[in-house]
There are 2 protein chains.
Amino acid sequence: MKLYDRIDASILEIVQKNNRLTSQVIGDQVGLSATACQRRLKRLRDIGVIEGDVSIISARAVGRPIQMIVLVTLERERSDIIDRFKRALRITPEIVNSFYVTGETDFVLYVTARSMEDYEVFTRNFFYENPDIRGFKTLVVMDRVKAGFSVPVEVPDED
Amino acid sequence: MKLYDRIDASILEIVQKNNRLTSQVIGDQVGLSATACQRRLKRLRDIGVIEGDVSIISARAVGRPIQMIVLVTLERERSDIIDRFKRALRITPEIVNSFYVTGETDFVLYVTARSMEDYEVFTRNFFYENPDIRGFKTLVVMDRVKAGFSVPVEVPDED
DNA sequence: ACTGAAAACAATTGCGA
DNA sequence: TCGCAATTGTTTTCAGT
């Protein structure tokens with residue numbers, strides 16, 4: 001049960017950089033007709049290899065020029081505390097993305113803000129008010145080196 | 001010079017979750033004709049409020065189930081060292097996303113791997129071989145709490 | 001499983017308001 | 001800036017290989 005073949009891998013490489021190309025253009029690049037190419041794309045979406053299709057919005061253009069990575073340590077690693085914290089993350093719009101991790105830290109958050117003052121208000125409300133949080137460290141993002149979210153697509157052997 | 005208005009903000013909220021909806025459907029949701037809606041989308045793309053349009057690929061489906069966040073400290077914060085490191089990041093496919101930050105750490109990397117063994121090979125090649133790197137810490141991702149990359153879109157006042 | 005033609009559908013452009 | 005109508009272009013379906 002293989003999810004995709006060599007040609008699908010090429011298609012995935014293309015659409016994870018730009019999903020608005022026509023099937024015609026993608027087909028030309030991978031040596032397929034527009035029709036065949038489109039069928040494959042549909043299939044990749046149906047089986048979940050392609051999880052979603054989104055526009056990337058410029059945080060700066062949209063009034064949130066400040067970005068931070070925050071490393072959070074919880075008071076105790078108890079599953080109810082972790083679950084409660086996850087719920088809080090989900091409903092907080094400033095937190096764009098977040099990861100539960102093992103290591104020195106429990107959670108890594110990617111946070112955007114209108115300004116440093118706003119971020120300080122946010123930290124006061126979100127971190128200091130929360131008794132489950134032992135501590136946190138803020139890393140201010142100066143530059144994003146890789147723009148995309150592209151994953152290197154494994155090219156499978158043909159069977 | 002305002003980049004976008006209230007209606008554009010609604011459109012942005014929609015397309016950053018799903019950019020394959022037709023202008024008709026988006027238009028219905030924001031109270032606009034398909035034509036008007038599409039003109040706005042084109043404009044938002046032209047002026048860079050929408051930075052790009054991509055498919056999100058499942059790292060798991062594509063043979064890279066292991067994800068790590070790596071905190072890297074460089075030997076010295078010299079701009080030539082930083083630039084050289086940024087170049088290395090860009091050409092390394094395992095590194096999906098990376099940030100240059102201020103704080104205890106210089107860089108935060110988001111890395112995917114086929115397996116832990118692969119990741120160890122990668123660290124040996126990438127980190128230990130690089131004399132510019134003072135140290136690094138690996139945080140293994142157990143769970144991604146927020147799936148998307150959605151930024152909360154500021155709704156501007158009308159002038 | 002692919003191609004190619006035709007039908008259905010969506011995006012773009014021109015125009016009047 | 002909008003909506004409508006006409007045009008252009010894209011996607012989907014279907015028959016044939």
Side-chain angles (χ1 to χ4, degrees), chain A residues 1-58 61-63 148 150 153-159, chain B residues 1-58 61-63 148 150 153-159:
Chain A
M1 174 260 203
K2 193 150 39 65
L3 288 177
Y4 61 97
D5 66 12
R6 200 172 292 237
I7 297 175
D8 291 321
S10 316
I11 294 174
L12 291 170
E13 290 288 4
I14 293 168
V15 296
Q16 76 173 335
K17 293 200 195 81
N18 182 358
N19 75 353
R20 303 185 72 243
L21 299 171
T22 64
S23 308
Q24 180 64 65
V25 171
I26 300 170
D28 289 350
Q29 290 188 50
V30 303
L32 231 53
S33 74
T35 309
C37 183
Q38 203 149 245
R39 242 202 310 268
R40 282 163 178 271
L41 275 167
K42 178 168 184 347
R43 189 180 143 274
L44 292 167
R45 291 197 169 98
D46 287 346
I47 65 177
V49 173
I50 295 177
E51 286 183 341
D53 291 272
V54 303
S55 294
I56 306 290
I57 308 299
S58 159
V62 106
S150 308
V153 178
E154 206 68 11
V155 180
D157 302 329
E158 305 296 293
D159 299 326
Chain B
M1 175 259 205
K2 195 148 41 62
L3 289 175
Y4 61 96
D5 66 13
R6 200 171 293 234
I7 298 174
D8 291 322
S10 316
I11 294 174
L12 291 170
E13 290 289 2
I14 293 168
V15 296
Q16 76 174 334
K17 295 202 194 77
N18 182 358
N19 75 353
R20 302 185 72 246
L21 301 172
T22 64
S23 309
Q24 180 64 65
V25 171
I26 300 169
D28 288 351
Q29 290 189 49
V30 303
L32 232 51
S33 74
T35 309
C37 184
Q38 203 156 252
R39 259 196 293 253
R40 281 163 178 271
L41 276 167
K42 179 171 184 344
R43 190 181 141 272
L44 292 167
R45 293 195 167 101
D46 288 346
I47 66 177
V49 172
I50 295 178
E51 286 183 340
D53 291 271
V54 302
S55 294
I56 306 290
I57 309 300
S58 160
V62 106
S150 307
V153 178
E154 207 68 13
V155 179
D157 303 329
E158 306 294 292
D159 301 326

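Per chain, numbering begins at 1; letters A, B, ... match sequence-line order.
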Whole-Å distance separating the NZ atom of A:Lys42 from the P atom of C:dC2 = 15 Å
On DNA chain D, more 5' by nearest nucleotide between B:Ser33 and A:Gln38 is B:Ser33
Grab the CG-P distance between A:Asp53 and D:dT11 for me, whole Å please.
-> 12 Å
Output yes when a side-chain donor or acceptor of B:Asp28 lies under 3.5 Å from a complementary backbone atom of B:Val25, and no otherwise.
-> no
A:Arg20 atom CZ is separated from C:dA10 atom P, nearest whole Å, by 15 Å
Taking only the side-chain heavy atoms of A:Arg40 (C-beta and beyond), determine which of D:dT11, C:dA5, C:dC2 contains the nearest atom.
-> C:dC2
If you check the A:Arg39 side chain, which of C:dC2, C:dC15, D:dT12 turns out closest?
-> C:dC2
Report the distance from atom CD1 of B:Ile26 to atom P of C:dT12, rounded to the nearest whole Å.
-> 12 Å
Starting at atom CG of A:Leu32, determine the distance to atom C1' of C:dA1, rounded to an integer number of angstrom.
-> 10 Å
B:Arg45 CZ to C:dT12 P, in whole Å, measures 9 Å
Determine the minimum heavy-atom distance between B:Tyr4 and B:Leu12, stating which atoms define it.
-> CD1-CD1, 4.4 Å
Taking the side chain from A:Arg20 and the backbone from B:Gly52, do they hold a donor-acceptor pair closer than 3.5 Å?
-> no
Choose from C:dT3, D:dT10, D:dC2 the nucleotide whose nearest atom is closest to any side-chain atom of A:Thr22.
-> D:dT10
At their closest point, which heavy atom of B:Asn19 faces which heavy atom of B:Val54, and how far apart are they?
-> ND2-N, 4.1 Å
Hey, does A:Ser23 reach any base, or is it just sugar-phosphate, or nothing, if we go heavy atoms under 4.0 Å?
-> sugar-phosphate
May I have the distance from B:Leu41 (atom CG) to C:dT13 (atom P), rounded to whole angstrom?
-> 14 Å
Spacing of A:Gln24 atom CD relative to C:dA11 atom C1', expressed in whole Å = 17 Å
